[in-house]
There are 2 protein chains.
Amino acid sequence: MDVRTICLGILSRGDATGYEIKKLFGDDGYQHFVEASFGSIYPALSRLTQEGLVSVRSEIQEKRPDRKVYSITEDGRKAFLGSLMKPLPEDRHRSPFVFAMLFSHLIPHPRVVEMLDTYIEQSETKLAQLMEPRPQPLPEGERFVTGFGRAVYIAMVNYLHQYRAELKGDAAEAAE
Amino acid sequence: MDVRTICLGILSRGDATGYEIKKLFGDDGYQHFVEASFGSIYPALSRLTQEGLVSVRSEIQEKRPDRKVYSITEDGRKAFLGSLMKPLPEDRHRSPFVFAMLFSHLIPHPRVVEMLDTYIEQSETKLAQLMEPRPQPLPEGERFVTGFGRAVYIAMVNYLHQYRAELKGDAAEAAE
DNA sequence: ACCTATCTATATTGGTCCGATATAGATCGG
DNA sequence: CCGATCTATATCGGACCAATATAGATAGGT
């Protein structure tokens, strides 16, 4: 899903600046399933403005740089809805960690354990974010996304701990 | 993880052509956690050859176009191992489907069900690929990767079915 | 015999994306 | 006063990819 469509989706839920959109990809936002950088957000907003799918107004701020607030237009809502009605692009998963584990036989054992421990910590952090209580009732879409994310990360973390325990056993055996 | 490092990893397991490397990202290869296109594989192989990290030989084929077979060099092995010893880039997950579900309240119910059914089918296909029996014993790295992938996809598919059943209940209620 | 689909094989292109960088406005703790 | 961090907009060079190009096949249907 391209960055312009993602921006339209976000703006359909409320006005925002480029900086605010980027922050939504942070710790308690959409980071588990979409992301974009400043390098693509600002050009996307410019293009959407040119296409008439969003409008923009400047706000002067005291003590802070001025900000540009973007709003979705009626054409923008239609375009976004249209993109949801078309076949969706496939998911993409990239995991340097999982790829690296394929070569664990080439890596000194302590480094393998370190990689695994780092990945476990990162995964537990993300799961903790997903498990934080949210005001109820959740909108239906968010109920799905939260439940889905929790289910996947719980399975990940469980498997990682189980595998880690097996490594510990191996290390103990190796130490004998 | 950049495409050159991925290519080095793949070539550390055996010689291959650019076309063969691309095929490894297909159905029963690495697709669940890394991928690359021809648009990046061929330039990466060229660059690695220039850097002396791989070598290349041409093979004439009857009835088929000639092929270029790449082999990793000793420098290439060291470079690859070096990249595994450094902190790994973070995972990236992009799910247009999950993002779209956030807006399910804007989408006609039949389309939501269709999206969900399509995603369930795709996920079940990938799980079936992961569940196919493999010659035992698996190398340690592959044992982790296969187990991890299975754990994650089983959780996904279970949650998707459970959520789908809830939708069915909603639809039945709506039909009354 | 021809056409379409699919495979084998290498390679490039234009557009998208991103990490880094640039510029400019702050607060806060040491 | 300095470094870390936040707020805020924006661009750039390099990496990546879907599509395309070119060229070699097989196989099934009409």
Side-chain angles (χ1 to χ4, degrees), chain A residues 1-8 15-27 29-31 34-51 54 56-70 83 86-94 96 99, chain B residues 1-8 15-27 29-31 34-51 54 56-70 83 86-94 96 99:
Chain A
M1 193 167 271
D2 63 323
V3 174
R4 289 205 296 286
T5 303
I6 292 172
C7 287
L8 283 180
D15 295 356
T17 66
Y19 187 80
E20 283 167 345
I21 289 174
K22 170 64 170 157
K23 281 181 63 178
L24 290 173
F25 298 127
D27 286 355
Y30 307 83
Q31 66 162 332
V34 285
E35 187 159 14
S37 75
F38 287 127
S40 46
I41 290 172
Y42 284 112
L45 291 172
S46 290
R47 180 77 172 270
L48 289 168
T49 306
Q50 286 164 13
E51 291 167 353
V54 307
V56 60
R57 67 179 188 275
S58 286
E59 281 185 2
I60 315 295
Q61 291 197 117
E62 287 192 33
K63 300 184 174 225
R64 294 276 199 228
D66 297 348
R67 59 204 294 265
K68 280 178 166 175
V69 184
Y70 294 85
S83 72
K86 290 169 185 162
L88 299 170
E90 287 206 15
D91 287 9
R92 295 186 184 209
H93 297 294
R94 302 291 182 266
F99 185 72
Chain B
M1 190 167 274
D2 63 323
V3 175
R4 289 205 295 290
T5 303
I6 292 171
C7 288
L8 282 180
D15 295 356
T17 65
Y19 186 80
E20 284 168 344
I21 290 173
K22 169 65 172 157
K23 280 182 61 178
L24 289 173
F25 298 125
D27 288 355
Y30 307 82
Q31 66 161 334
V34 286
E35 187 159 14
S37 73
F38 288 126
S40 46
I41 289 172
Y42 285 112
L45 291 172
S46 290
R47 180 75 172 273
L48 289 168
T49 307
Q50 287 164 12
E51 293 167 351
V54 307
V56 60
R57 69 182 188 273
S58 287
E59 281 185 3
I60 315 296
Q61 292 196 118
E62 288 192 34
K63 300 181 172 228
R64 295 276 199 230
D66 296 349
R67 58 205 295 263
K68 280 179 167 175
V69 185
Y70 294 86
S83 72
K86 291 171 186 160
L88 299 169
E90 286 206 15
D91 287 10
R92 296 185 182 209
H93 298 293
R94 304 286 184 269
F99 184 72

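Quick note: numbers below take in every heavy atom, side chains included, and nothing from hydrogens, waters or symmetry partners.
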>> Walk me through whether Glu59(A) and Thr17(A) qualify under side-chain contact (heavy atoms from CB on, under 4.5 Å).
In response: CA-CA 10 Å; Glu59(A) 281 185 2; Thr17(A) 66; over 6 Å; no
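- Rounded to an integer number of Å, the gap from CD1 of Ile21(A) to P of dC18(C) is 14 Å.
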>> I need a per-nucleotide contact map over nucleotides 9-17 of chain C, read 5' to 3'. Cutoff is protein heavy atoms under 4.0 Å; write B for the base, S for backbone only, - otherwise.
In response: BBBBB---S
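- Between the CD atom of Glu62(B) and the C1' atom of dA25(D) there is a distance of 13 Å, given to the nearest Å.
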> Step by step, would you call His93(A) with Asp91(B) a side-chain contact (heavy atoms from CB on, under 4.5 Å)?
Replying inline: CA-CA 8 Å; His93(A) 297 294; Asp91(B) 287 10; over 6 Å; no
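- Under the rule for a ring-ring contact (aromatic ring centres under 6.0 Å, His included), the partners of Phe99(B) that lie at least two apart in sequence or sit in another chain are Tyr30(A), Phe103(B).
- If you take CZ of Arg57(A) and P of dT9(D), they are 12 Å apart, rounded to a whole angstrom.
- Lys23(A) has a side-chain polar atom (N or O) that falls below the 4.0 Å cut-off from OP1 or OP2 of dT7(D).
- Rounded to an integer number of Å, the gap from NZ of Lys63(B) to C1' of dT6(C) is 17 Å.
- For the pair Lys22(B) NZ and dC7(C) P, the computed distance is 13 Å after rounding to whole Å.
- Of the inter-residue distances, the one linking Arg94(B) atom CZ with Arg92(A) atom CZ reads 9.5 Å to the nearest 0.5 angstrom.
- When every heavy atom of Ile21(B) is checked against every heavy atom of Ala16(B), the shortest pair comes out as CG1-CB, 3.9 Å.
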Which atom pairs, one a donor and one an acceptor, fall under 3.5 Å between side chains of residues 35-48 of chain B and the rest of the protein, sequence neighbours left out?
residue: Ser37(B); atom: OG; partner: Gly39(B); partner atom: N; Å: 3.2
residue: Ser40(B); atom: OG; partner: Ser37(B); partner atom: N; Å: 3.4
residue: Ser40(B); atom: OG; partner: Ser37(B); partner atom: O; Å: 3.2
residue: Tyr42(B); atom: OH; partner: Tyr19(B); partner atom: N; Å: 3.4
residue: Ser46(B); atom: OG; partner: Tyr42(B); partner atom: O; Å: 3.3
residue: Arg47(B); atom: NE; partner: Glu51(B); partner atom: OE2; Å: 3.0

